[in-house]
Protein chains: 2
Amino acid sequence: MANTEAHGLLDDLHDLVETRLRRVDQRYTAGRRAIIDLIVTAGNPVSIADIATRLPDLPRSSAYRNLVDLESAGLVRRIVGHDEFARFELAEDLTEHHHHLLCVACGKVIDITLAAGLERNVSEAIEEIASVEGFRPHGHRLDVLGVCGACA
Amino acid sequence: MANTEAHGLLDDLHDLVETRLRRVDQRYTAGRRAIIDLIVTAGNPVSIADIATRLPDLPRSSAYRNLVDLESAGLVRRIVGHDEFARFELAEDLTEHHHHLLCVACGKVIDITLAAGLERNVSEAIEEIASVEGFRPHGHRLDVLGVCGACA
DNA sequence: ACTTAGACTGAGACTGAGTCCCATTGCAAG
DNA sequence: CTTGCAATGGGACTCAGTCTCAGTCTAAGT
């Protein structure tokens with residue numbers, strides 16, 4: 001993710017994605033590239049409906065399959081919002097650890113980050129509670145439910 | 001929710017639920033009472049599958065309908081775990097503010113509470129960030145993803 | 001006790017996001 | 001060029017969840 005100025009960050013990201021896919025004997029095809037492009041340029045997590053709209057030539061079955069492949073390669077993360085529709089964003093090791101504001105009216109998702117100190121306190125508290133319950137935590141998600149500016 | 005010892009806390013809860021339903025011209029029928037009983041005695045959030053198993057005589061359509069009614073009366077909260085199945089728990093004003101450990105292997109949900117001070121810090125941070133984004137927060141949920149003791 | 005309004009129920013039909021299947025195509029290595 | 005396997009496309013399929021509608025129950029009025 002770090003890099004020279006010669007070609008943009010986006011190209012670097014594509015290179016990284018390709019490497020990761022190759023590692024599990026998968027190819028970085030046009031459809032997968034288009035999905036990654038869409039997710040990155042959208043800024044916010046994208047839904048299947050977004051993909052269908054913005055990539056009308058990509059069949060649904062291919063979109064779902066590609067998303068599953070990208071997810072199992074650890075490149076994309078599926079998030080479940082307040083509505084019934086799954087949304088997808090880049091995995092955290094391609095971006096930075098962050099959380100979400102979820103609009104209960106329109107389903108929109110906005111990325112936010114917490115102050116580093118607070119984030120550390122939360123992680124420590126989670127580790128402690130989980131160990132008491134015999135639970136092995138992989139990560140956490142903090143979702144804020146509410147109404148976005150456009151819907152208010 | 002507070003009360004004499006004459007009849008248990010559970011009876012009090014039922015009284016409260018009935019009052020709340022009456023307030024919106026709804027009745028506290030046997031089916032609804034059975035669902036509330038199940039949710040309370042289960043301790044953890046229950047799925048539709050749990051309800052179907054434990055209340056075999058309650059038709060699916062009635063279970064869903066009752067859950068929707070109880071949810072819109074603010075008595076029950078729907079939570080979306082890691083799997084595709086919705087789960088239900090008592091609304092927070094009938095219990096206390098808490099969060100969840102979600103097992104990604106079996107879908108089990110375990111309730112946890114954070115230290116009051118930390119919880120306050122998180123809430124304040126959320127208020128601040130949300131206001132910058134023009135977002136009006138109603139509440140938040142912190143889910144810890146991982147593997148439970150039984151699945152490890 | 002009768003009536004009545006409307007809340008509630010049960011059973012099944014229906015919806016649609018997401019999955020599966022399979023014949024075909026594309027890519028990379030020997 | 002051929003052989004193996006990843007990937008595609010599109011249509012059929014699954015099934016959690018929703019909707020419909022005719023019939024039932026309950027509370028309140030008379």
Side-chain angles (χ1 to χ4, degrees), chain A residues 14 17-38 45-73 75-89 106-107 109, chain B residues 14-15 17-36 38 45-73 75-89 106-107 109:
Chain A
H14 283 307
V17 170
E18 181 157 21
T19 304
R20 294 273 201 98
L21 285 175
R22 278 272 151 70
R23 200 178 297 168
V24 289
D25 286 320
Q26 301 216 320
R27 298 172 192 157
Y28 198 29
T29 62
R32 292 174 184 179
R33 176 175 282 262
I35 289 174
I36 293 291
D37 259 336
L38 179 56
V46 302
S47 64
I48 281 289
D50 295 332
I51 293 174
T53 303
R54 302 277 302 272
L55 303 174
D57 292 336
L58 186 66
R60 251 155 222 266
S61 58
S62 294
Y64 278 112
R65 192 157 10 94
N66 286 334
L67 285 166
V68 168
D69 293 341
L70 290 168
E71 190 182 13
S72 59
L75 296 164
V76 153
R77 182 169 68 156
R78 174 190 306 241
I79 62 180
V80 180
H82 186 261
D83 51 20
E84 305 306 311
F85 307 103
R87 284 163 187 261
F88 298 86
E89 66 180 5
C106 70
V109 180
Chain B
H14 282 308
D15 290 347
V17 171
E18 181 158 21
T19 304
R20 293 273 200 97
L21 285 174
R22 278 273 151 69
R23 201 178 296 167
V24 289
D25 286 319
Q26 301 217 320
R27 298 173 192 156
Y28 199 28
T29 61
R32 292 174 184 179
R33 177 175 280 263
I35 289 174
I36 293 290
L38 180 55
V46 303
S47 64
I48 281 288
D50 295 332
I51 293 175
T53 303
R54 303 276 302 273
L55 303 175
D57 292 335
L58 186 67
R60 250 153 224 264
S61 58
S62 294
Y64 278 112
R65 193 153 12 98
N66 285 334
L67 285 166
V68 169
D69 294 340
L70 290 168
E71 190 183 13
S72 59
L75 295 164
V76 153
R77 184 169 66 155
R78 174 190 306 240
I79 61 180
V80 180
H82 185 262
D83 52 20
E84 305 307 311
F85 307 103
R87 285 166 186 259
F88 299 86
E89 67 180 4
C106 70
V109 180

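What you see is a predicted model, and the numbers here were worked out from it, not measured in a lab. In what follows, every heavy atom counts, from backbone to side chain, and hydrogens, waters and symmetry copies are set aside.
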Under a 4.0 Å heavy-atom criterion, the protein footprint on nucleotides 5-16 of chain D, written with B, S and -, is BBSBBBB----S

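- Bracketed by its first and final contacts, the part of DNA chain C lying under 4.0 Å from non-hydrogen atoms of chain A reaches from C:dA17 to C:dA28 in 5' to 3' order.
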Original post:
Could you go step by step and tell me if B:I35 and B:V46 meet the side chain to side chain contact (heavy atoms under 4.5 Å, CB included) rule?
Top reply: CA-CA 10 Å; B:I35 289 174; B:V46 303; over 6 Å; no

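- At least one side-chain heavy atom of A:D37 sits under 4.5 Å from a side-chain heavy atom of A:H14.
- With hydrogens and angles ignored, the 3.5 Å screen pairs a side-chain donor or acceptor of B:R87 with a backbone N or O of B:G107.
- The side-chain hydrogen bond (donor to acceptor under 3.5 Å, both in side chains) contacts involving residues 55-65 of chain A comprise nothing, where partners must be two or more places apart or lie in separate chains.
- A:Y28 places a side-chain heavy atom less than 4.5 Å from the side chain of A:I36.
- In the displayed structure, B:R20 atom CZ is contacted under 6.0 Å by more than 12 heavy atoms of other residues, nucleotides or ligands.
- You'll find the side chain of B:D50 stays beyond 4.5 Å of the side chain of B:L55, heavy atoms only.
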